[in-house]
Protein chains: 2
Amino acid sequence: MTDLLLGRSATLVLEGVRQRIRAGELREGAQLPAERDLAALFGVARNTVRQALERLESEGVLVRQVGRGTFVRQGVREGLNEREPASAAPAAVTLSQRMREASPADLMEVRLIIEPQAAALAANRASSTDLERIREALRHSIAARGLAEFEHWDAQLHLRVFEATKNAVLIDYCRAINRVRDEPAWYQLKKRTVTLELRTVYDRQHGTLVEALADHDPEATRTAMREHLLRVSRNLLGEG
Amino acid sequence: MTDLLLGRSATLVLEGVRQRIRAGELREGAQLPAERDLAALFGVARNTVRQALERLESEGVLVRQVGRGTFVRQGVREGLNEREPASAAPAAVTLSQRMREASPADLMEVRLIIEPQAAALAANRASSTDLERIREALRHSIAARGLAEFEHWDAQLHLRVFEATKNAVLIDYCRAINRVRDEPAWYQLKKRTVTLELRTVYDRQHGTLVEALADHDPEATRTAMREHLLRVSRNLLGEG
DNA sequence: ACCAATTGATCCAATCGTGAACCAATCGGT
DNA sequence: ACCGATTGGTTCACGATTGGATCAATTGGT
């Protein structure tokens with residue numbers, strides 16, 4: 001990676017560009033002046049300009065392309081919070097952080113959009129070893145004594161279904177969801193609402209889900225996951 | 001090690017610098033004048049200045065670096081905070097970085113899972129101002145001259161549909177998708193495949209999508225988005 | 001007179017910024 | 001389809017500035 005320390009002139013250019021983006025002078029997708037022009041504009045050498053641009057590119061604020069130019073990247077608005085003068089840290093927000101800030105209702109809505117479809121995909125693609133791993137998680141979840149243990153294997157089950165899709169983005173999404181479940185606020189929410197009989201309901205729903213997966217029946221799998229999540233949503237958020 | 005005793009002039013410089021730091025005249029991370037300038041400033045020889053600076057450096061108040069300068073150390077209040085968490089989880093990765101590494105096929109699969117459903121949600125919740133913003137993006141996309149301009153307004157259109165869902169997680173997802181589109185690799189892929197007549201096809205599909213949204217017809221909106229993305233996927237990835 | 005502090009000077013090594021040249025990818029007009 | 005202009009990518013040598021180190025000469029208090 002490039003040096004984390006920049007010299008005087010380079011910092012000047014860096015902050016100058018940041019400023020123009022914050023001020024709306026450079027909007028999303030807008031093209032910056034050529035490096036040679038920027039150098040003249042800031043009264044520094046081109047090499048110095050490049051140092052600043054490299055930094056901004058590594059932060060994900062800019063996109064550079066040979067022969068085309070330098071552009072402000074899309075979706076930078078929320079990443080340009082006011083920062084302390086000497087701070088070099090970019091506004092790198094992780095997926096799980098984003099989800100953590102989201103409302104439970106929003107998150108359950110997203111789960112209801114993604115997970116049934118993903119499960120249907122998994123029904124088409126699950127290998128026998130995938131199915132065995134999923135069944136294992138189900139067994140552990142049923143045998144779980146405390147809520148924490150149940151939670152762990154429940155999360156594992158969902159994750160292993162996603163792993164069966166073989167889609168890296170989906171697997172990552174599920175990992176992020178599971179991380180949110182570990183959040184104290186969510187755990188408390190579950191502790192209040194997840195009774196012992198409810199766990200048996202969940203186990204039964206998981207069972208029909210696994211059966212549908214084993215049958216490689218996408219439609220049945222989708223509805224099974226959907227029913228399960230609807231139940232979870234109702235119990236977690238109230239009868240909304 | 002250096003002597004613990006300093007002479008008159010050296011102590012003068014030492015206290016002078018300490019004073020300026022206490023007074024806020026020199027903030028954390030600020031750069032001190034060069035040793036030669038400090039010498040002139042305090043009216044003493046450079047060697048004397050160096051003695052004072054060495055003392056302050058050994059105290060952890062200053063940081064000196066050859067060729068760069070002398071700086072007030074950051075976090076002077078911190079004593080021995082060497083223990084950083086350095087968590088084992090790969091949580092320091094942003095959503096868009098994850099997507100960047102993903103294969104186009106995986107990403108389009110995810111888009112086909114999420115975006116039709118999200119569009120259906122938008123059909124239920126879109127306000128009149130939402131619809132106007134979406135229509136505006138469509139107009140610009142149709143009027144666009146170059147590929148870059150078209151790409152920008154196409155991304156804006158999809159984003160504004162997601163904004164109509166009022167779901168923060170979904171909006172964030174779309175921003176991440178749009179950031180991936182800025183990736184040079186994806187731009188190249190489009191440049192090779194997106195011809196002028198294909199753009200008119202996309203514009204038409206966008207048109208029916210917007211109509212369905214305006215009618216608040218979730219089902220029609222879902223199929224419109226689905227058809228559109230299927231077309232995009234076919235053109236981008238080949239007739240898979 | 002003694003002696004530590006201070007001075008003035010010189011050279012070294014690291015860093016930064018500059019200027020220039022050249023390469024490679026892209027775009028636009030012919 | 002080609003060519004020229006534009007743009008980012010790369011490398012190099014040079015000068016300026018900065019802290020690092022050393023030494024002989026000077027100063028000033030005891």
Side-chain angles (χ1 to χ4, degrees), chain A residues 2-17 30-58 61-73, chain B residues 1-17 30-58 61-73 144-151 182-196:
Chain A
T2 60
D3 292 332
L4 276 83
L5 263 24
L6 287 181
R8 233 188 71 265
S9 303
T11 307
L12 189 131
V13 176
L14 194 150
E15 292 305 326
V17 174
Q31 179 170 16
L32 272 68
E35 291 180 354
R36 292 162 176 89
D37 296 339
L38 279 176
L41 219 148
F42 283 96
V44 298
R46 188 179 158 220
N47 274 348
T48 309
V49 170
R50 299 200 84 252
Q51 287 183 26
L53 295 189
E54 272 166 23
R55 173 68 74 86
L56 286 170
E57 186 184 25
S58 76
V61 177
L62 298 180
V63 173
R64 297 197 287 176
Q65 213 169 340
V66 188
R68 232 163 82 75
T70 303
F71 303 85
V72 180
R73 213 164 171 187
Chain B
M1 275 307 171
T2 62
D3 295 347
L4 279 87
L5 267 19
L6 290 181
R8 280 181 2 267
S9 303
T11 310
L12 188 135
V13 175
L14 195 151
E15 291 306 325
V17 173
Q31 179 170 16
L32 273 68
E35 290 181 355
R36 291 161 175 91
D37 295 340
L38 278 177
L41 217 145
F42 284 95
V44 299
R46 190 183 155 217
N47 279 350
T48 311
V49 170
R50 299 199 84 254
Q51 287 182 23
L53 295 190
E54 271 166 24
R55 174 66 134 268
L56 286 170
E57 186 183 24
S58 75
V61 178
L62 298 182
V63 174
R64 296 198 286 176
Q65 207 170 344
V66 189
R68 251 174 84 71
T70 304
F71 303 84
V72 181
R73 193 165 193 192
R145 288 191 309 267
L147 174 59
E149 200 178 343
F150 174 77
E151 270 296 296
D182 283 337
E183 212 67 19
W186 283 81
Y187 188 84
Q188 308 263 349
L189 195 55
K190 297 227 169 138
K191 206 181 65 180
R192 283 213 322 271
T193 57
V194 177
T195 63
L196 221 113

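Just the heavy atoms: all of them, side chains too, but no hydrogens, waters or symmetry mates, feed the values below. If you're wondering where the values come from, they're calculated on a predicted model, not measured in any experiment. Throughout, protein chains are lettered first and strands after them, A, B, ... in sequence-line order, and every chain is numbered starting at 1.
- When all heavy atoms are compared, the tightest approach of A:Thr11 to A:Gly7 is OG1-O, 2.7 Å.
- Scanning both residues, A:Ala10 and A:Ala52, for their nearest heavy atoms gives O-CB, 3.6 Å.
- When each of A:Gly7 and B:Val49 is assigned the nucleotide of DNA chain C bearing its nearest heavy atom, the one mapping closer to the 5' terminus is B:Val49.
- The stretch residues 183-191 of chain B comes close to DNA chain C through B:Tyr187, B:Gln188, B:Lys191, each having a heavy atom under 4.0 Å from the strand.
- Closest approach of B:Leu147 and B:Lys191 over heavy atoms only: CD2-CA, 3.7 Å.
- The shortest non-hydrogen separation linking A:Arg55 to A:Leu5 is NH2-N, 3.9 Å.
- Per the geometry, CZ belonging to A:Arg55 stands 15 Å off C1' belonging to C:dC16, to the nearest Å.
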Would you tabulate the pairs of protein nitrogen or oxygen atoms and nucleotide nitrogen or oxygen atoms of nucleotides 19-23 of chain D closer than 3.5 angstrom?
unit_1, atom_1, unit_2, atom_2, d
D:dG19, OP1, B:Thr70, N, 3.3
D:dG19, OP1, B:Thr70, OG1, 3.1
D:dG19, OP2, B:Glu35, N, 2.7
D:dG19, N7, B:Arg36, NH1, 3.0
D:dG19, N7, B:Arg46, NH2, 3.2
D:dG19, O6, B:Arg36, NH2, 3.0
D:dG20, OP2, B:Arg50, NH2, 2.7
D:dG20, OP2, B:Arg64, NE, 3.3
D:dG20, OP2, B:Arg64, NH1, 3.0
D:dG20, OP2, B:Arg64, NH2, 3.3
D:dG20, O5', B:Arg50, NH2, 3.3
D:dG20, N7, B:Arg46, NH2, 2.9
D:dG20, O6, B:Arg46, NH1, 3.1
D:dT22, O4, B:Asn47, OD1, 3.1
D:dT22, O4, B:Asn47, ND2, 3.4
D:dC23, N4, B:Asn47, ND2, 3.3

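- Residues B:Glu183 and A:Arg73 have side chains in contact (heavy-atom distance under 4.5 Å, counting atoms from C-beta outward).
- In this structure the side chain of B:Leu62 reaches within 4.5 angstrom of the side chain of B:Val72, judged on heavy atoms.
- Rounded to an integer number of Å, the gap from CG of B:Leu12 to P of C:dA5 is 16 Å.
- For B:Leu6 and C:dT7, the CG to C1' distance is 16 Å, given to the nearest whole Å.
- The distance from the CZ atom of A:Arg8 to the CD atom of B:Gln31 is 8.0 Å, given to the nearest 0.5 Å.
- Between B:Ala39 and B:Ala45, the closest heavy-atom pair is CB-C, 3.9 Å.
- One atom, CG of B:Leu62, and another, P of D:dT18, lie 16 Å apart when rounded to the nearest Å.
- Among all heavy-atom pairs drawn from A:Val49 and A:Val13, the shortest one is CA-CG1, 4.4 Å.
- One distance of note links OG1 of A:Thr48 with CG of A:Leu14; it measures 12.0 Å at 0.5 Å rounding.
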Polar pairs (N or O, both sides) under 3.5 Å between protein and nucleotides 28-30 of chain D?
none

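- A residue-by-residue look at B:Thr48 and A:Val44 shows that B:Thr48 has its nearest nucleotide of DNA chain C further toward the 5' end.
- Rounded to whole Å, atom P of C:dC16 lies 14 Å from atom CG of A:Leu14.
- Of the inter-residue distances, the one linking A:Leu56 atom CG with A:Thr70 atom OG1 reads 10.0 Å to the nearest 0.5 angstrom.
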